[in-house]
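See below for the structure under consideration.
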Protein chains: 2
Amino acid sequence: MTAASPARKRGARAETPITAESIVDTAFRMIDERGHEAFSMRAVATELGVFPATLYWHVGDRAHLLGLVEQRWVNGIETPEASDDWRTWMLELARRYRAHARRHPNVARLVSVERSRNVESLAIPDAIIGTLSTLGLGDDIVHAYNALMGAVRGFVVLELSMASDPPPPSEVDDVEHDMRGIDPDRFPNISQHFHLFADRALSIWWSEESGDSLDDSFEYLLSLLLDGIAARMPKRRRP
Amino acid sequence: MTAASPARKRGARAETPITAESIVDTAFRMIDERGHEAFSMRAVATELGVFPATLYWHVGDRAHLLGLVEQRWVNGIETPEASDDWRTWMLELARRYRAHARRHPNVARLVSVERSRNVESLAIPDAIIGTLSTLGLGDDIVHAYNALMGAVRGFVVLELSMASDPPPPSEVDDVEHDMRGIDPDRFPNISQHFHLFADRALSIWWSEESGDSLDDSFEYLLSLLLDGIAARMPKRRRP
DNA sequence: ACCTGAACACCGTTCAAGT
DNA sequence: ACCTGAACACCGTTCAAGT
(Lines give C-alpha, C1' and ligand atoms only; values in the text may rest on other atoms or scores of the structure.)
Protein backbone atom coordinates (compact mmCIF):
# COMPACT_ATOMS: atom_id res chain seq x y z
CA MET A 1 0.00 0.00 0.00
CA THR A 2 1.28 3.43 -0.91
CA ALA A 3 0.43 5.40 2.18
CA ALA A 4 2.44 8.31 0.87
CA SER A 5 0.49 8.83 -2.33
CA PRO A 6 -3.04 10.07 -1.92
CA ALA A 7 -5.59 7.89 -3.66
CA ARG A 8 -6.77 10.61 -5.98
CA LYS A 9 -6.89 11.17 -9.67
CA ARG A 10 -4.28 13.19 -11.47
CA GLY A 11 -5.08 16.86 -10.98
CA ALA A 12 -8.12 16.20 -8.86
CA ARG A 13 -8.74 18.45 -5.84
CA ALA A 14 -8.19 17.18 -2.34
CA GLU A 15 -11.27 16.39 -0.25
CA THR A 16 -10.17 18.82 2.43
CA PRO A 17 -8.71 21.69 0.45
CA ILE A 18 -5.13 22.52 1.26
CA THR A 19 -4.43 26.05 2.37
CA ALA A 20 -1.26 27.88 3.29
CA GLU A 21 -2.59 28.00 6.82
CA SER A 22 -3.10 24.28 7.09
CA ILE A 23 0.44 23.73 5.83
CA VAL A 24 1.95 26.11 8.41
CA ASP A 25 -0.23 24.43 11.01
CA THR A 26 1.05 20.98 10.18
CA ALA A 27 4.67 22.10 9.94
CA PHE A 28 4.45 23.82 13.32
CA ARG A 29 2.91 20.77 14.95
CA MET A 30 5.43 18.37 13.48
CA ILE A 31 8.41 20.43 14.60
CA ASP A 32 6.87 21.09 17.97
CA GLU A 33 5.98 17.53 18.78
CA ARG A 34 8.59 15.49 17.02
CA GLY A 35 11.57 17.81 16.69
CA HIS A 36 13.30 19.48 13.80
CA GLU A 37 14.43 16.17 12.40
CA ALA A 38 10.84 15.19 11.79
CA PHE A 39 10.31 18.22 9.60
CA SER A 40 10.74 18.09 5.87
CA MET A 41 8.72 19.30 2.93
CA ARG A 42 7.98 15.71 1.99
CA ALA A 43 6.97 14.75 5.49
CA VAL A 44 4.55 17.66 5.73
CA ALA A 45 3.10 16.75 2.35
CA THR A 46 2.65 13.13 3.38
CA GLU A 47 0.98 14.18 6.62
CA LEU A 48 -1.48 16.27 4.63
CA GLY A 49 -2.05 13.53 2.07
CA VAL A 50 -0.76 15.48 -0.91
CA PHE A 51 2.27 15.45 -3.15
CA PRO A 52 5.30 17.60 -2.24
CA ALA A 53 4.80 19.91 -5.19
CA THR A 54 1.49 21.04 -3.72
CA LEU A 55 3.29 22.78 -0.87
CA TYR A 56 5.34 24.80 -3.30
CA TRP A 57 2.24 26.15 -4.91
CA HIS A 58 0.85 27.39 -1.55
CA VAL A 59 3.80 28.50 0.53
CA GLY A 60 6.84 28.60 -1.73
CA ASP A 61 9.97 26.81 -0.70
CA ARG A 62 11.25 25.47 2.58
CA ALA A 63 12.81 28.75 3.76
CA HIS A 64 9.58 30.60 3.15
CA LEU A 65 7.56 28.00 5.01
CA LEU A 66 9.88 28.29 8.00
CA GLY A 67 9.40 32.05 7.85
CA LEU A 68 5.68 31.51 8.21
CA VAL A 69 6.23 29.10 11.09
CA GLU A 70 8.37 31.76 12.74
CA GLN A 71 5.59 34.29 12.34
CA ARG A 72 3.11 31.96 13.96
CA TRP A 73 5.54 31.39 16.79
CA VAL A 74 6.18 35.06 17.57
CA ASN A 75 2.47 35.79 17.33
CA GLY A 76 2.07 33.48 20.30
CA ILE A 77 3.93 35.94 22.49
CA GLU A 78 1.66 38.48 24.07
CA THR A 79 3.20 41.87 24.65
CA PRO A 80 2.49 43.00 28.21
CA GLU A 81 -0.03 45.78 28.65
CA ALA A 82 1.50 49.20 29.07
CA SER A 83 2.82 49.87 32.53
CA ASP A 84 4.00 53.04 34.18
CA ASP A 85 7.10 51.22 35.35
CA TRP A 86 9.32 50.40 32.40
CA ARG A 87 11.28 47.83 34.45
CA THR A 88 8.33 45.64 35.32
CA TRP A 89 7.15 45.87 31.73
CA MET A 90 10.54 44.82 30.34
CA LEU A 91 10.94 42.10 32.94
CA GLU A 92 7.54 40.70 32.12
CA LEU A 93 8.24 40.69 28.38
CA ALA A 94 11.55 38.91 28.84
CA ARG A 95 9.94 36.30 31.07
CA ARG A 96 7.12 35.72 28.63
CA TYR A 97 9.56 35.40 25.78
CA ARG A 98 11.57 32.78 27.59
CA ALA A 99 8.49 30.94 28.82
CA HIS A 100 7.09 30.79 25.31
CA ALA A 101 10.38 29.55 23.92
CA ARG A 102 10.48 26.82 26.54
CA ARG A 103 6.93 25.86 25.74
CA HIS A 104 7.90 25.22 22.11
CA PRO A 105 11.62 24.55 22.30
CA ASN A 106 11.94 22.77 18.99
CA VAL A 107 10.15 25.47 17.04
CA ALA A 108 11.88 28.30 18.87
CA ARG A 109 15.27 26.87 18.18
CA LEU A 110 14.69 26.14 14.53
CA VAL A 111 13.27 29.53 13.66
CA SER A 112 15.87 31.45 15.59
CA VAL A 113 18.71 29.95 13.60
CA GLU A 114 17.24 29.72 10.13
CA ARG A 115 15.75 33.12 9.51
CA SER A 116 15.97 36.55 11.03
CA ARG A 117 14.68 39.13 8.62
CA ASN A 118 10.94 39.15 8.74
CA VAL A 119 9.04 42.37 8.44
CA GLU A 120 6.02 40.66 9.94
CA SER A 121 7.70 39.90 13.24
CA LEU A 122 8.63 43.40 14.28
CA ALA A 123 5.88 43.83 16.86
CA ILE A 124 8.12 43.02 19.81
CA PRO A 125 11.07 45.13 18.59
CA ASP A 126 8.65 47.99 18.12
CA ALA A 127 7.25 47.63 21.62
CA ILE A 128 10.71 47.49 23.16
CA ILE A 129 11.81 50.60 21.30
CA GLY A 130 8.65 52.32 22.44
CA THR A 131 9.44 51.60 26.06
CA LEU A 132 13.11 52.49 25.77
CA SER A 133 12.29 55.76 24.06
CA THR A 134 10.69 57.05 27.27
CA LEU A 135 13.93 56.78 29.24
CA GLY A 136 15.85 59.69 27.80
CA LEU A 137 18.79 57.58 26.68
CA GLY A 138 19.43 59.67 23.60
CA ASP A 139 21.25 57.91 20.78
CA ASP A 140 22.22 55.14 23.20
CA ILE A 141 18.73 53.81 22.76
CA VAL A 142 19.93 51.66 19.89
CA HIS A 143 22.64 50.14 22.08
CA ALA A 144 20.24 49.48 24.90
CA TYR A 145 17.95 47.80 22.40
CA ASN A 146 20.69 45.65 20.88
CA ALA A 147 22.06 44.71 24.28
CA LEU A 148 18.66 43.62 25.59
CA MET A 149 17.67 41.84 22.41
CA GLY A 150 20.98 40.10 21.95
CA ALA A 151 21.44 39.10 25.55
CA VAL A 152 17.91 37.89 26.23
CA ARG A 153 17.28 36.13 22.95
CA GLY A 154 20.82 34.82 22.91
CA PHE A 155 20.60 33.43 26.41
CA VAL A 156 17.40 31.63 25.51
CA VAL A 157 18.78 30.22 22.28
CA LEU A 158 21.81 28.81 24.03
CA GLU A 159 19.65 27.39 26.78
CA LEU A 160 17.43 25.70 24.23
CA SER A 161 20.32 24.34 22.27
CA MET A 162 21.28 22.37 25.35
CA ALA A 163 17.77 21.33 26.31
CA SER A 164 16.50 20.26 22.93
CA ASP A 165 19.61 18.50 21.75
CA PRO A 166 19.80 16.14 24.67
CA PRO A 167 22.14 13.20 24.56
CA PRO A 168 20.26 9.99 23.89
CA PRO A 169 19.23 8.35 27.17
CA SER A 170 21.70 5.62 26.43
CA GLU A 171 24.58 8.10 26.55
CA VAL A 172 23.47 10.46 29.29
CA ASP A 173 25.42 8.50 31.87
CA ASP A 174 28.52 8.56 29.70
CA VAL A 175 28.31 12.32 29.33
CA GLU A 176 27.83 12.75 33.05
CA HIS A 177 30.74 10.45 33.67
CA ASP A 178 32.90 12.43 31.26
CA MET A 179 31.92 15.64 32.98
CA ARG A 180 32.52 14.38 36.48
CA GLY A 181 35.81 12.91 35.41
CA ILE A 182 37.30 15.99 33.80
CA ASP A 183 40.99 16.43 34.30
CA PRO A 184 41.61 18.71 37.31
CA ASP A 185 44.92 19.73 35.78
CA ARG A 186 43.39 20.94 32.53
CA PHE A 187 40.25 22.40 34.10
CA PRO A 188 41.14 23.23 37.68
CA ASN A 189 38.43 25.80 38.23
CA ILE A 190 35.56 23.72 36.96
CA SER A 191 36.80 20.86 39.09
CA GLN A 192 37.02 23.00 42.18
CA HIS A 193 33.55 24.49 41.86
CA PHE A 194 31.98 21.45 40.30
CA HIS A 195 29.22 21.15 42.88
CA LEU A 196 27.97 24.62 41.94
CA PHE A 197 28.13 24.24 38.17
CA ALA A 198 27.28 20.60 37.63
CA ASP A 199 24.22 20.40 35.40
CA ARG A 200 23.40 24.03 36.20
CA ALA A 201 25.50 25.99 33.71
CA LEU A 202 25.82 26.57 29.98
CA SER A 203 28.29 24.10 28.50
CA ILE A 204 28.34 22.15 31.75
CA TRP A 205 25.11 20.33 31.48
CA TRP A 206 23.83 16.93 30.56
CA SER A 207 20.43 15.86 31.82
CA GLU A 208 17.13 17.03 30.46
CA GLU A 209 15.17 17.30 33.66
CA SER A 210 17.23 20.10 35.12
CA GLY A 211 15.25 22.50 32.98
CA ASP A 212 14.47 25.06 35.65
CA SER A 213 18.01 25.36 36.86
CA LEU A 214 18.69 28.41 34.72
CA ASP A 215 15.71 30.35 36.06
CA ASP A 216 17.78 32.14 38.66
CA SER A 217 20.59 32.85 36.22
CA PHE A 218 18.11 34.38 33.80
CA GLU A 219 16.75 36.64 36.51
CA TYR A 220 20.29 37.58 37.45
CA LEU A 221 21.04 38.52 33.84
CA LEU A 222 17.88 40.62 33.62
CA SER A 223 18.77 42.52 36.75
CA LEU A 224 22.25 43.22 35.42
CA LEU A 225 20.79 44.59 32.20
CA LEU A 226 17.97 46.63 33.69
CA ASP A 227 20.04 48.01 36.56
CA GLY A 228 22.66 49.06 34.05
CA ILE A 229 20.18 50.82 31.79
CA ALA A 230 18.61 52.53 34.79
CA ALA A 231 22.03 53.78 35.85
CA ARG A 232 22.56 55.27 32.42
CA MET A 233 19.35 57.27 32.45
CA PRO A 234 19.70 60.99 32.96
CA LYS A 235 19.31 61.88 36.63
CA ARG A 236 16.33 64.16 36.28
CA ARG A 237 14.05 64.45 33.34
CA ARG A 238 11.27 66.81 32.56
CA PRO A 239 7.96 65.44 31.32
CA MET B 1 34.84 11.55 -16.57
CA THR B 2 33.90 10.69 -13.05
CA ALA B 3 35.56 13.47 -11.10
CA ALA B 4 33.78 12.30 -7.99
CA SER B 5 35.19 8.78 -7.91
CA PRO B 6 38.90 8.48 -7.23
CA ALA B 7 40.76 6.52 -9.89
CA ARG B 8 41.95 3.86 -7.53
CA LYS B 9 41.47 0.15 -7.16
CA ARG B 10 38.99 -1.37 -4.81
CA GLY B 11 40.46 -1.35 -1.34
CA ALA B 12 43.67 0.37 -2.41
CA ARG B 13 45.15 3.06 -0.17
CA ALA B 14 44.99 6.68 -1.16
CA GLU B 15 48.21 8.34 -2.40
CA THR B 16 48.01 10.91 0.34
CA PRO B 17 46.69 8.98 3.31
CA ILE B 18 43.48 10.30 4.76
CA THR B 19 43.59 11.23 8.44
CA ALA B 20 40.98 12.51 10.83
CA GLU B 21 42.90 15.74 10.89
CA SER B 22 42.83 16.23 7.13
CA ILE B 23 39.10 15.60 7.17
CA VAL B 24 38.48 18.19 9.88
CA ASP B 25 40.75 20.53 7.98
CA THR B 26 38.80 20.19 4.78
CA ALA B 27 35.43 20.43 6.49
CA PHE B 28 36.50 23.60 8.32
CA ARG B 29 37.78 25.20 5.15
CA MET B 30 34.70 24.34 3.12
CA ILE B 31 32.32 25.75 5.71
CA ASP B 32 34.50 28.78 6.27
CA GLU B 33 34.92 29.70 2.64
CA ARG B 34 31.76 28.55 1.01
CA GLY B 35 29.18 28.52 3.81
CA HIS B 36 27.26 25.83 5.59
CA GLU B 37 25.38 24.91 2.46
CA ALA B 38 28.61 23.79 0.84
CA PHE B 39 29.23 21.33 3.64
CA SER B 40 28.15 17.72 3.40
CA MET B 41 29.79 14.42 4.10
CA ARG B 42 29.77 13.64 0.42
CA ALA B 43 31.21 17.00 -0.57
CA VAL B 44 34.08 16.61 1.89
CA ALA B 45 34.76 13.13 0.58
CA THR B 46 34.79 14.35 -3.01
CA GLU B 47 37.15 17.18 -2.11
CA LEU B 48 39.53 14.65 -0.58
CA GLY B 49 39.17 12.25 -3.48
CA VAL B 50 37.72 9.40 -1.47
CA PHE B 51 34.39 7.69 -1.09
CA PRO B 52 31.98 8.91 1.59
CA ALA B 53 32.32 5.74 3.63
CA THR B 54 35.97 6.57 4.24
CA LEU B 55 34.99 9.53 6.40
CA TYR B 56 32.91 7.31 8.63
CA TRP B 57 35.87 5.15 9.34
CA HIS B 58 38.01 8.11 10.46
CA VAL B 59 35.68 10.55 12.17
CA GLY B 60 32.36 8.83 12.70
CA ASP B 61 29.19 10.47 11.54
CA ARG B 62 28.31 14.01 10.60
CA ALA B 63 27.52 15.17 14.14
CA HIS B 64 30.86 13.90 15.37
CA LEU B 65 32.73 15.60 12.55
CA LEU B 66 31.03 18.88 13.39
CA GLY B 67 32.09 18.37 16.99
CA LEU B 68 35.69 18.17 15.85
CA VAL B 69 35.25 21.27 13.71
CA GLU B 70 33.89 23.04 16.78
CA GLN B 71 36.95 22.00 18.77
CA ARG B 72 39.25 23.37 16.12
CA TRP B 73 37.29 26.59 16.12
CA VAL B 74 37.41 27.18 19.87
CA ASN B 75 41.08 26.28 19.93
CA GLY B 76 41.61 29.31 17.74
CA ILE B 77 40.60 31.58 20.59
CA GLU B 78 43.50 32.54 22.77
CA THR B 79 42.65 33.11 26.40
CA PRO B 80 44.15 36.42 27.58
CA GLU B 81 47.11 36.19 29.91
CA ALA B 82 46.28 36.60 33.58
CA SER B 83 45.68 40.17 34.61
CA ASP B 84 45.32 41.74 38.01
CA ASP B 85 42.23 43.53 36.81
CA TRP B 86 39.44 41.06 36.23
CA ARG B 87 37.47 43.59 34.16
CA THR B 88 40.12 44.14 31.54
CA TRP B 89 40.68 40.40 31.37
CA MET B 90 36.99 39.66 30.86
CA LEU B 91 36.60 42.49 28.39
CA GLU B 92 39.53 41.25 26.37
CA LEU B 93 38.23 37.69 26.31
CA ALA B 94 34.79 38.80 25.15
CA ARG B 95 36.31 40.94 22.40
CA ARG B 96 38.53 38.12 21.23
CA TYR B 97 35.61 35.74 21.20
CA ARG B 98 33.53 38.06 19.05
CA ALA B 99 36.45 38.91 16.77
CA HIS B 100 37.19 35.25 16.20
CA ALA B 101 33.55 34.51 15.48
CA ARG B 102 33.45 37.32 12.94
CA ARG B 103 36.61 36.03 11.34
CA HIS B 104 34.93 32.68 10.71
CA PRO B 105 31.24 33.51 10.72
CA ASN B 106 30.04 30.44 8.86
CA VAL B 107 31.89 28.03 11.10
CA ALA B 108 30.99 29.91 14.27
CA ARG B 109 27.35 29.87 13.43
CA LEU B 110 27.15 26.24 12.43
CA VAL B 111 28.95 24.90 15.47
CA SER B 112 27.07 27.07 17.92
CA VAL B 113 23.74 25.69 16.84
CA GLU B 114 24.50 22.05 16.19
CA ARG B 115 26.38 20.90 19.25
CA SER B 116 27.03 22.21 22.71
CA ARG B 117 28.30 19.44 24.96
CA ASN B 118 31.95 18.92 24.30
CA VAL B 119 34.28 18.08 27.10
CA GLU B 120 37.18 19.20 24.96
CA SER B 121 35.98 22.77 24.68
CA LEU B 122 35.83 23.67 28.35
CA ALA B 123 39.01 25.73 28.42
CA ILE B 124 37.20 29.04 28.15
CA PRO B 125 34.49 28.17 30.66
CA ASP B 126 37.23 27.08 33.04
CA ALA B 127 39.12 30.33 32.61
CA ILE B 128 36.00 32.40 33.16
CA ILE B 129 35.12 30.51 36.31
CA GLY B 130 38.67 31.00 37.51
CA THR B 131 38.41 34.74 37.12
CA LEU B 132 34.93 34.97 38.62
CA SER B 133 35.98 32.90 41.60
CA THR B 134 38.29 35.70 42.75
CA LEU B 135 35.45 38.17 43.13
CA GLY B 136 33.81 36.85 46.26
CA LEU B 137 30.41 36.39 44.66
CA GLY B 138 29.60 33.29 46.66
CA ASP B 139 27.05 30.96 45.11
CA ASP B 140 26.07 33.72 42.69
CA ILE B 141 29.17 32.82 40.73
CA VAL B 142 27.16 30.36 38.71
CA HIS B 143 24.65 33.06 37.77
CA ALA B 144 27.38 35.50 36.84
CA TYR B 145 28.89 32.81 34.66
CA ASN B 146 25.62 31.92 32.95
CA ALA B 147 24.71 35.56 32.44
CA LEU B 148 28.06 36.37 30.84
CA MET B 149 28.18 33.23 28.77
CA GLY B 150 24.61 33.44 27.60
CA ALA B 151 24.62 37.14 26.87
CA VAL B 152 27.97 37.34 25.11
CA ARG B 153 27.74 34.16 23.10
CA GLY B 154 24.08 34.78 22.42
CA PHE B 155 24.66 38.29 21.18
CA VAL B 156 27.33 37.04 18.81
CA VAL B 157 25.20 34.19 17.51
CA LEU B 158 22.34 36.53 16.72
CA GLU B 159 24.67 38.99 15.11
CA LEU B 160 26.11 36.24 12.93
CA SER B 161 22.75 34.87 12.00
CA MET B 162 22.03 38.20 10.35
CA ALA B 163 25.42 38.65 8.77
CA SER B 164 25.87 35.18 7.35
CA ASP B 165 22.35 34.67 6.10
CA PRO B 166 22.30 37.77 3.95
CA PRO B 167 19.54 38.25 1.45
CA PRO B 168 20.72 37.52 -2.07
CA PRO B 169 22.05 40.69 -3.70
CA SER B 170 19.09 40.59 -6.02
CA GLU B 171 16.71 41.00 -3.07
CA VAL B 172 18.65 43.33 -0.81
CA ASP B 173 16.89 46.34 -2.28
CA ASP B 174 13.52 44.71 -1.79
CA VAL B 175 14.27 44.01 1.86
CA GLU B 176 15.46 47.55 2.38
CA HIS B 177 12.36 48.82 0.66
CA ASP B 178 10.17 46.64 2.87
CA MET B 179 11.96 47.94 5.93
CA ARG B 180 11.76 51.58 4.96
CA GLY B 181 8.15 51.17 4.03
CA ILE B 182 6.91 49.58 7.25
CA ASP B 183 3.51 50.67 8.35
CA PRO B 184 3.80 53.54 10.86
CA ASP B 185 0.47 52.49 12.35
CA ARG B 186 1.60 48.97 13.09
CA PHE B 187 5.14 49.89 14.10
CA PRO B 188 5.04 53.51 15.24
CA ASN B 189 8.20 53.39 17.33
CA ILE B 190 10.42 51.83 14.71
CA SER B 191 9.12 54.35 12.23
CA GLN B 192 9.79 57.26 14.53
CA HIS B 193 13.35 56.26 15.38
CA PHE B 194 14.11 54.71 12.04
CA HIS B 195 17.19 56.81 11.40
CA LEU B 196 18.81 55.42 14.54
CA PHE B 197 17.93 51.78 14.00
CA ALA B 198 18.09 51.39 10.25
CA ASP B 199 20.64 48.72 9.43
CA ARG B 200 22.14 49.08 12.90
CA ALA B 201 19.98 46.84 15.06
CA LEU B 202 19.10 43.18 15.51
CA SER B 203 16.04 42.29 13.42
CA ILE B 204 16.26 45.67 11.67
CA TRP B 205 19.04 45.01 9.32
CA TRP B 206 19.57 44.15 5.69
CA SER B 207 22.93 44.90 4.12
CA GLU B 208 26.09 42.92 4.61
CA GLU B 209 28.61 45.73 4.73
CA SER B 210 27.29 47.29 7.88
CA GLY B 211 29.24 44.71 9.82
CA ASP B 212 30.87 47.02 12.34
CA SER B 213 27.71 48.76 13.29
CA LEU B 214 27.16 46.55 16.31
CA ASP B 215 30.59 47.23 17.78
CA ASP B 216 29.33 49.98 20.03
CA SER B 217 26.31 47.98 21.09
CA PHE B 218 28.52 45.08 22.05
CA GLU B 219 30.68 47.35 24.17
CA TYR B 220 27.55 48.78 25.75
CA LEU B 221 26.36 45.27 26.63
CA LEU B 222 29.72 44.38 28.14
CA SER B 223 29.72 47.47 30.32
CA LEU B 224 26.22 46.65 31.55
CA LEU B 225 27.30 43.14 32.49
CA LEU B 226 30.63 44.00 34.08
CA ASP B 227 29.33 47.04 35.94
CA GLY B 228 26.52 44.90 37.29
CA ILE B 229 28.83 42.15 38.48
CA ALA B 230 31.15 44.72 40.05
CA ALA B 231 28.21 46.23 41.92
CA ARG B 232 27.35 42.81 43.31
CA MET B 233 30.80 42.18 44.74
CA PRO B 234 31.16 42.45 48.50
CA LYS B 235 32.29 45.92 49.49
CA ARG B 236 35.49 44.86 51.22
CA ARG B 237 37.22 41.56 51.02
CA ARG B 238 40.08 40.06 52.91
CA PRO B 239 42.89 38.39 50.96
C1' DA C 1 43.69 -1.32 9.13
C1' DC C 2 41.82 1.18 5.59
C1' DC C 3 39.19 1.91 1.46
C1' DT C 4 35.95 0.76 -2.49
C1' DG C 5 31.58 0.15 -4.58
C1' DA C 6 27.07 -0.32 -4.20
C1' DA C 7 22.93 0.03 -1.98
C1' DC C 8 19.04 2.00 1.07
C1' DA C 9 16.14 5.35 2.49
C1' DC C 10 15.73 9.62 2.37
C1' DC C 11 16.00 14.94 0.91
C1' DG C 12 14.36 19.91 -1.83
C1' DT C 13 12.78 21.48 -6.04
C1' DT C 14 10.98 21.76 -10.83
C1' DC C 15 7.78 20.95 -14.45
C1' DA C 16 4.75 19.14 -17.84
C1' DA C 17 0.45 17.41 -17.69
C1' DG C 18 -3.99 16.75 -16.02
C1' DT C 19 -8.85 18.62 -14.16
C1' DA D 1 -6.46 27.67 -9.89
C1' DC D 2 -4.86 23.70 -7.97
C1' DC D 3 -2.88 19.16 -7.88
C1' DT D 4 -0.58 14.82 -9.74
C1' DG D 5 3.21 12.11 -11.19
C1' DA D 6 7.58 11.78 -12.40
C1' DA D 7 12.03 13.27 -12.66
C1' DC D 8 16.65 15.50 -11.25
C1' DA D 9 20.30 16.20 -8.39
C1' DC D 10 21.31 15.71 -4.25
C1' DC D 11 21.73 13.88 0.98
C1' DG D 12 23.62 10.56 5.46
C1' DT D 13 24.70 6.05 6.54
C1' DT D 14 25.63 1.01 6.29
C1' DC D 15 28.02 -2.98 4.77
C1' DA D 16 30.06 -6.66 2.32
C1' DA D 17 33.97 -7.10 -0.13
C1' DG D 18 38.44 -6.07 -1.49
C1' DT D 19 43.82 -5.16 -0.43
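Chain identifiers are assigned alphabetically (A, B, ...) following the order of the sequence lines, protein sequences preceding nucleic acid strands; residue numbering begins at 1 within each chain.
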*Which of these, Val69(B), Leu68(B), Val59(B), sits in a side chain to side chain contact (heavy atoms under 4.5 Å, CB included) with Ile23(B)?*
Val59(B)

*By nearest nucleotide on DNA chain D, pick out whichever of Trp57(A) and Ala53(A) is the more 5' one.*
Trp57(A)

*Taking all non-hydrogen atoms of both residues into account, name the closest pair between Leu196(B) and Arg200(B) and its distance.*
O-NH1, 3.5 Å

*Show your reasoning for whether side chain to side chain contact (heavy atoms under 4.5 Å, CB included) applies to Ile128(B) and Met90(B).*
CA-CA 8 Å; Ile128(B) 294 176; Met90(B) 201 69 86; 4.3 Å; yes

_Under-4.0 Å side-chain N/O to phosphate OP1/OP2 contact, Ser40(A) with dG12(C)_ = yes

*Counting any heavy atom closer than 4.0 Å, what does Arg42(A) reach on the DNA or RNA strands: base, sugar-phosphate only, or nothing?*
base

_Length of the line joining Phe51(B):CZ and dC8(C):P, which is rounded to integer Å_ = 17 Å

*For the pair made of NE2 in His36(B) and C1' in dG12(D), what is the distance, rounded to whole Å?*
16 Å

_In whole Å, I'd like the distance from the CE atom of Met41(A) to the C1' atom of dC11(C)._
11 Å

*Identify all stems in which DNA chain C takes part, counting only runs of at least 3 consecutive pairs (Watson-Crick or G-U wobble, each distance under 3.5 Å), and give each as one range with another, ordered by first number.*
C:4-8 with D:12-16, C:12-16 with D:4-8

_Contact between Met162(B) and Trp206(B) at the side-chain level, heavy atoms closer than 4.5 Å - yes or no?_
no

*Where is the tightest heavy-atom contact between Phe39(B) and Ile31(B), given as atom of each residue plus distance?*
CB-CG1, 3.6 Å

_Integer-rounded Å distance: dT14(D) P and His64(B) NE2_ = 13 Å

*So, Asp126(A) and Arg186(B), do they make that salt bridge, N to O below 4.0 Å?*
no

*Using whole Å, report how far CZ of Arg62(A) lies from C1' of dC10(D).*
14 Å

_Taking the P atom in each of dA9(C) and dA9(D), what is the distance between them to the nearest angstrom?_
22 Å

_Under 3.5 Å side-chain donor-acceptor pair for Asp32(A) and Asn106(A)_ = no

*Integer-rounded Å distance: dT19(C) P and Ile18(A) CD1*: 20 Å

*In whole angstroms, how far is the P atom of dC15(C) from the CG atom of Leu55(A)?*
17 Å

*dG12(C) P sits how many Å from Tyr56(A) OH, rounded?*
6 Å

*Verify the contact: side-chain N or O of His58(B) to OP1 or OP2 of dA1(C), cut-off strictly under 4.0 Å; return yes or no.*
no

